[in-house]
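Lettering of chains follows the sequences in order, A, B, ..., and the numbering in each one begins at 1.
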Number of protein chains: 2
Amino acid sequence: MNLTSFVKERRKAVKLTQPELAEKAGVGLRFIRELEQGKQSLRLDKVNQVLQLFGYEVGAVQNKLNQNF
Amino acid sequence: MNLTSFVKERRKAVKLTQPELAEKAGVGLRFIRELEQGKQSLRLDKVNQVLQLFGYEVGAVQNKLNQNF
DNA sequence: TATATTTACACCTTAAAGGGTATAAAAATG
DNA sequence: CATTTTTATACCCTTTAAGGTGTAAATATA
């Protein structure tokens, strides 16, 4: 589950629009859109502001792909 | 397991110095230091560059604390 | 379909992240 | 202990994320 689909699905599950989620999270509307569209270079603290609404936070999760160590 | 201790522990586990990890990950030395010191406003893509070395990536993880939905 | 709502894209400005370098402090090693 | 290695802090500069606003496209609803 990547961040993009996580936020999109959770937001719809609680029936919020992007502007409503933005306001509740205390971030800009543009940020929510970029987050749901998979922009890679977002700021960690802003992402956390959104995830916290759903009882989540950013963390390290395992990755199927190549492992250098 | 937060990102801060995750990176610090993994780095030491594979016996890399901060400059070495920075170079391998393709980020600046300053970034590694701020990451290991818990700076909240780092960029997601840079964090992922580091986590990928260990076979991890940034994702949403559950949070014991308050849940608004 | 028409209409309303929601989402996406573009422009500009501001604030700050990230990098490089230099220096200092701390930790490890002999 | 003295010396080396590693980590932390500070400065300046460049790049860019984030927000606001406006407009267009897409989606939902009547």
Side-chain angles (χ1 to χ4, degrees):
Chain A
M1 180 66 116
N2 58 36
L3 289 174
T4 294
S5 17
F6 178 82
V7 172
K8 203 178 301 188
E9 289 178 19
R10 291 298 259 142
R11 175 176 65 78
K12 294 188 174 176
V14 297
K15 299 207 184 301
L16 289 177
T17 64
Q18 289 176 342
E20 288 166 342
L21 178 57
E23 200 214 9
K24 278 191 188 299
V27 302
L29 175 53
R30 267 252 315 272
F31 181 85
I32 296 293
R33 295 188 172 150
E34 293 176 333
L35 174 56
E36 292 196 359
Q37 285 171 54
K39 184 173 180 180
Q40 295 296 306
S41 54
L42 302 171
R43 274 176 49 172
L44 212 57
D45 56 342
K46 300 282 175 181
V47 177
N48 271 323
Q49 282 179 244
V50 176
L51 295 191
Q52 276 175 18
L53 289 180
F54 304 122
Y56 281 74
E57 65 186 346
V58 171
V61 300
Q62 241 173 332
N63 182 340
K64 305 93 219 150
L65 310 166
N66 47 315
Q67 191 153 339
N68 294 290
F69 291 105
Chain B
M1 180 67 116
N2 59 38
L3 289 175
T4 294
S5 17
F6 178 82
V7 172
K8 202 177 303 187
E9 290 179 19
R10 290 301 255 143
R11 176 176 64 79
K12 293 188 174 175
V14 297
K15 300 205 182 303
L16 288 177
T17 64
Q18 290 176 341
E20 288 166 343
L21 178 57
E23 200 214 10
K24 279 190 187 298
V27 302
L29 175 54
R30 266 251 317 271
F31 182 85
I32 297 292
R33 293 186 173 152
E34 292 175 333
L35 174 57
E36 292 196 358
Q37 285 172 52
K39 185 174 181 181
Q40 294 297 305
S41 55
L42 302 171
R43 275 175 48 173
L44 214 56
D45 58 341
K46 301 282 175 182
V47 177
N48 271 323
Q49 282 178 242
V50 177
L51 295 191
Q52 276 174 20
L53 290 180
F54 303 121
Y56 281 73
E57 64 187 345
V58 169
V61 301
Q62 240 173 332
N63 182 341
K64 305 92 220 154
L65 308 165
N66 47 318
Q67 189 153 341
N68 293 292
F69 291 105

| request: Round to the nearest Å and state the distance from Leu16(A) atom CG to dT5(C) atom P. | output: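 To the nearest whole Å, that distance equals 17 Å.
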| By side chain to side chain contact (heavy atoms under 4.5 Å, CB included), which residues pair with Glu20(B), not counting sequence neighbours? |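 With sequence neighbours excluded, Glu20(B) shows a side chain to side chain contact (heavy atoms under 4.5 Å, CB included) to Leu16(B), Thr17(B), given in chain and number order.
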| request: Not counting sequence neighbours, which residues clear side chain to side chain contact (heavy atoms under 4.5 Å, CB included) with Gln18(A)? List them please. | output: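 If we apply the side chain to side chain contact (heavy atoms under 4.5 Å, CB included) test to Gln18(A), skipping adjacent residues, the hits are Arg11(A), Leu29(A), Ile32(A), Arg33(A), Glu36(A).
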| query | Remaining members of Val61(B)'s ILVMFWY cluster at a side-chain heavy-atom cut-off under 4.5 Å? | reply |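 Direct or chained contacts put Val61(B) with Val61(A).
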| Looking for any heavy atom pair under 4.0 Å, which part of the strands does Glu36(B) touch: base, sugar-phosphate only, or nothing? |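 Answer is nothing: Glu36(B) stays at 4.0 Å or more from every strand.
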| field | Test log, rule side chain to side chain contact (heavy atoms under 4.5 Å, CB included), inputs Leu21(B) and Val14(B) | value | CA-CA 10 Å; Leu21(B) 178 57; Val14(B) 297; over 6 Å; no
| task | Return yes if some donor-acceptor pair links the side-chain N/O of Gln49(B) with the main-chain N/O of Ala25(B) below 3.5 Å, else return no. | result |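 Such a contact is found between Gln49(B) side chain and Ala25(B) backbone.
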| Under 3.5 Å, side chain of Gln40(A) to main-chain N/O of Gly38(A), donor-acceptor pair present? |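 Looks like yes, one N/O pair under 3.5 Å.
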| What is the bend of the helix from dT1(C)-dA30(D) to dG30(C)-dC1(D) when you compare the axis at one end with the axis at the other, using five pairs each and rounding to 10°? |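 Helix axis angle between the two ends: 70°.
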| task | Considering only heavy atoms of chain A and a distance under 4.0 Å, specify the first and last nucleotide of DNA chain D in 5' to 3' order that meet this criterion. | result |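 Taking any atom under 4.0 Å from a heavy atom of chain A, the span is dA17(D) to dG20(D).
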| task | Please report the closest heavy-atom contact between Leu44(A) and Val47(B), naming both atoms and the distance. | result |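 The pair with the smallest heavy-atom distance is CD2-CG2, 4.3 Å.
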| field | Val27(B) to Phe31(B) - nearest heavy-atom pair and separation | value |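 For Val27(B) versus Phe31(B), the nearest heavy atoms are CG2-CD2, 3.9 Å.
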| field | Residue pair Leu3(B), Val50(B): steps toward the side chain to side chain contact (heavy atoms under 4.5 Å, CB included) verdict | value | CA-CA 10 Å; Leu3(B) 289 175; Val50(B) 177; over 6 Å; no
| request: Could you grab the distance from atom OG1 of Thr4(A) to atom CG of Leu42(A), nearest 0.5 Å is fine? | output: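 One gets 8.5 Å once the value is rounded to the nearest 0.5 Å.
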| field | Base versus backbone protein contacts along nucleotides 11-30 of chain C [heavy-atom cut-off under 4.0 Å; B, S, -] | value | B----SSBBB----------
| query | Does a side-chain N or O from Gln18(A) land closer than 4.0 Å to OP1 or OP2 of dT5(C), or not? | reply |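 So the side chain of Gln18(A) is outside the cut-off, no N or O lying under 4.0 Å from OP1 or OP2 of dT5(C).
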